[in-house]
Amino acid sequence: MALPLQDTSRLCIHTMTTKPWSLREAIAGYVRADVPAITVWRQHVEPVGAREAANLLRASGLRMVSLCRGGFFPATTAKARRDAIDDNRRAIDEAAEIGAPLVVLVCGASPELSLSESRKQILDGIAAVLPHAQAAGVKLSIEPLHPMYADTRSAVNTLRQANDMVASLSSEQVGVTVDVYHVWWDPDLESEIQRAGKSIVSFHVCDWRTPTRDLLNDRGLMGDGCVPIRQIRGWVEAAGFSGDIEVEIFSDAWWATNQAAFLEKTRSAFIAHC
Ligand code: ZN
């Protein structure tokens with residue numbers, strides 16, 4: 001088991017965690033709360049544009065961890081697949097412009113395709129955008145999603161599948177994201193984290209609530225659920241990961257509250273449970 005964190009020096013907040021805040025409000029709120037790092041979602045960049053977002057982020061002094069999200073490669077028509085590849089190239093450009101070293105991929109799935117066909121299209125899609133990522137100096141990471149999302153959000157549902165894809169792409173430019181919400185249940189998690197080793201490029205935390213009232217927007221604050229977060233952090237650190245610990249909470253309940261107060265709770269929960 002990892003030792004408790006002594007401070008918030010590795011705390012990163014996703015702008016989706018404080019979704020009601022604009023990018024400008026999120027930056028100001030994180031700086032005020034002494035949060036050192038940020039992961040930016042594209043929907044928070046969009047209203048101001050990448051150039052202005054880059055200016056705001058640079059001036060804030062916040063450490064840029066990643067841009068969320070690219071992916072969604074599988075589709076039933078060739079045109080839709082090409083559009084997805086184009087959109088991923090734009091996400092890579094956006095990441096480069098705002099200074100994010102990484103684009104996280106929610107790989108996608110289509111209920112009209114078999115899972116194996118979706119996985120093939122994901123691999124083809126990543127391979128197609130890889131040269132663009134290389135040229136931009138931006139890494140890509142495959143984030144396995146909980147199997148409850150295998151119909152529309154991701155046909156990559158275990159860390160083993162993500163590791164297999166990284167192995168077959170065989171590029172330093174592609175790694176994996178371990179998000180405890182998606183993989184905590186996996187009996188092979190510890191061994192697949194060991195196998196991933198240095199290819200773990202990011203680590204996301206929140207908690208699994210019982211009961212979960214909504215499949216998408218009912219993630220818990222760390223400590224409010226059953227995920228052994230500190231144990232999983234110990235595994236990723238034993239595998240060589242020493243980067244930021246990113247709090248990514250989608251929650252209609254928390255979004256309805258005062259976001260500055262929620263951020264304070266998040267800081268305390270980070271120390272107590274991560
Ligand atoms: Zn995540």
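Note that ligands are numbered from 1 as they come in the structure, with each ligand's atoms numbered from 1 the same way.
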*Asks:* Aromatic rings Tyr149 and His182: how do their planes relate, parallel, tilted or perpendicular, breaks at 30° and 60°?
*Replies:*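 Perpendicular.
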*Asks:* Which atom name would you report as the N, O or S atom of Glu143 nearest the Zn ion (ligand 1)?
*Replies:*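 Result: OE2.
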*Asks:* Does the ring center of His14 lie less than 6.0 Å from the ring center of His204?
*Replies:*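 Yes, they do, as the ring centres are separated by less than 6.0 Å.
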*Asks:* Nearest N/O/S atom of Asp179 with respect to the Zn ion (ligand 1), by atom name, please.
*Replies:*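 Atom name of the closest N, O or S in Asp179: OD2.
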*Asks:* If the Zn ion (ligand 1) is the vertex, what is the angle to ND1 of His204 and OE1 of Glu248, rounded to 10 degrees?
*Replies:*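 Seen from the Zn ion (ligand 1), ND1 and OE1 are separated by roughly 100°.
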*Asks:* Quick one: do Arg10 and Asp244 make a salt bridge, cutoff under 4.0 Å?
*Replies:*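 Looking at Arg10 and Asp244, the cut-off is not met.
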*Asks:* State, with a plain yes or no, whether a side-chain heavy atom of Thr17 is found less than 4.5 Å away from one of Phe262.
*Replies:*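 Yes. Closest side-chain heavy atoms under 4.5 Å.
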